[in-house]
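For reference, the structure discussed in these notes is given below.
Just so you know, ligand 1 is whichever comes first in the structure, and atom 1 is the first atom listed for that ligand. If you're wondering where the values come from, they're calculated on a predicted model, not measured in any experiment.
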Amino acid sequence: MTDLRADDLRTLARQQIPAEVWDFIEGGSGDELTVAANTAAFAAARLRPRVMVDVSAVDTGVTLLDARLDTPVGLAPTAYHQLVHPDGEVATAAGAAKENALFVVAMFASRTLEDIAAPAAGPLWLQLYWLRDRDAIARLARRAAAAGFAALVLAVDAPRLGRRLRDIRNRFAVDGRVRAVNLDASLMAASHDRQAGASALAAHAAQTFDASLTWADLAWLRERSPLPVVLKGILTAEDAAAAVAHGAAAVIVSNHGGRQLDGAVATLDALPEVVEAVDGACPVLVDGGVRSGRDALIALALGADAVLLGRPTLWALATGGSDGVADLLRHVTDDLAHDMALAGRPSLRDVDRRLIRAVTNAR
Ligand SMILES: Cc1cc2nc3c(=O)[nH]c(=O)nc-3n(C[C@H](O)[C@H](O)[C@H](O)COP(=O)(O)O)c2cc1C
Ligand SMILES: O=C(O)C(=O)c1ccccc1
């Protein structure tokens, strides 16, 4: 198990996940240009290793919002883990806890926040969408704090859902046995209704997501919870600066895995301008196309404090449950440590832009 690369995991997972669930996970919006761009940007980066550096001990530890983590590799929020494993997010959390890694739980998790938090020794953050039903958000924000979550993550890139052609062609709806149990069933009904629209998820989002979200609304959420608020879905220097100005505790550079605006910039290409605009005011995380320790190293060199895995989390959960998730995190972290040694960078403090040959933006 431990020797499986992400791509091997993907092949295994594909063999056991029902075709329309596979398409839901794998797919992006439109022509899937941004899905492809995310991985292509990592593949194009070239490293400048240093030699004659003592790398007999390599340290991948990092501190994020006051939590000490053994690895800068964490798990991105993805909805409905029970679509691929009966224990759902409880297994995912157990796997992350084994590696003392960050797990960002989705608002549309299929297990309760309290059940997810029970086995989790590692830090949990809760992702939220801006729903028209503001009370539902406020209730979740309160519950998250009570259950021991360490931060809220507002996804700001989804005023509506991207047009995911695979889901539309499949008339995808979420299996009625898998539910977003942290929200009222009435709020979620359209997600399970094949008649709701060509993609039930898109129809559901059109009904329940509030597209009027602006910077001025952030104060409302910050007032309703003692937890720091992280913004997910930042791709420009302008929005990074605004995020800092409005009190974001961290930003996640993300294009939602190429599932929202097709043609949006690859996250690795957006990262440098965000890092520059944030200028150390808060941590910067990145997701989208991270598949290996090398990818993690590249993102960290360009200024990210941590990276998150989206689709690979679901591949690992589907194929190996909590052990699969722990193996994935350990494998990517071991791979990162290996590359740090070969690059002459024994700690993450030593990983900076000089490690990357050219600005990937040049493409
Ligand atoms: C199946 C699936 C479900 C997702 N669900 C959510 C979600 O509920 N909330 C959210 O903020 N992002 C969601 N995302 C986006 C991920 O958090 C993340 O941005 C993206 O998957 C990272 O790219 P990667 O899959 O290439 O690693 C989802 C992504 C996938 C693939
Ligand atoms: O955010 C997503 O990418 C996603 O797939 C999703 C899943 C369920 C509800 C809303 C969005």
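- The shortest N or O to N or O distance between Gly289 and ligand 1 is below 3.5 Å.
- Listed by chain and number, the residues in a salt bridge (charged side-chain N to carboxylate O under 4.0 Å, His left out) with Arg10 are Glu26 (sequence neighbours excluded).
- At the shortest separation from atom 21 (O) of ligand 1 among protein heavy atoms lies Gly310 CA, 3.6 Å.
- Cluster partners of Val51 are Met52, counting Ile, Leu, Val, Met, Phe, Trp and Tyr whose side-chain heavy atoms approach within less than 4.5 Å, directly or via other members.
- Residues Phe149 and Val181 are members of separate hydrophobic clusters, defined by side-chain heavy-atom contacts under 4.5 angstrom among Ile, Leu, Val, Met, Phe, Trp and Tyr.
- Thr11 places a side-chain N or O within donor-acceptor distance of the main-chain N or O of Asp7, the cut-off being under 3.5 Å.
- Close approach to Leu314 involves these atoms of ligand 1, each under 4.0 Å from a residue heavy atom: 1 (C).
- The option with the heavy atom closest to atom 1 (O) of ligand 2, from among Phe172, Tyr80, Tyr129, Phe24, is Tyr129.
- Ligand 1 lies nowhere less than 4.0 angstrom from a heavy atom belonging to Glu26.
- Among His256, Arg164, Gln260, the residue whose heavy atom sits closest to atom 4 (C) of ligand 2 is Arg164.
- Remark: Arg194 engages Glu20 in a salt bridge, criterion side-chain N to carboxylate O under 4.0 Å.
- Residue-level proximity to ligand 1 for Ala155 is carried by the side chain, the only part with a heavy atom below 4.0 angstrom.
- What sits closest to atom 7 (C) of ligand 2 on the protein, heavy atoms only, is Ala79 CB, 3.6 Å.
- Distance alone, capped at 3.5 Å, places no donor-acceptor pair between the His338 side chain and the Asp334 backbone.
- If you check which protein heavy atom lies closest to atom 3 (O) of ligand 2, you get Arg259 NE, 2.8 Å.
- Residue Asp287 has at least one nitrogen or oxygen atom sitting less than 3.5 Å from a nitrogen or oxygen atom of ligand 1, judged on distance alone.
- Remark: distances from the non-hydrogen atoms of Ile25 to ligand 1 include one below 4.0 Å.
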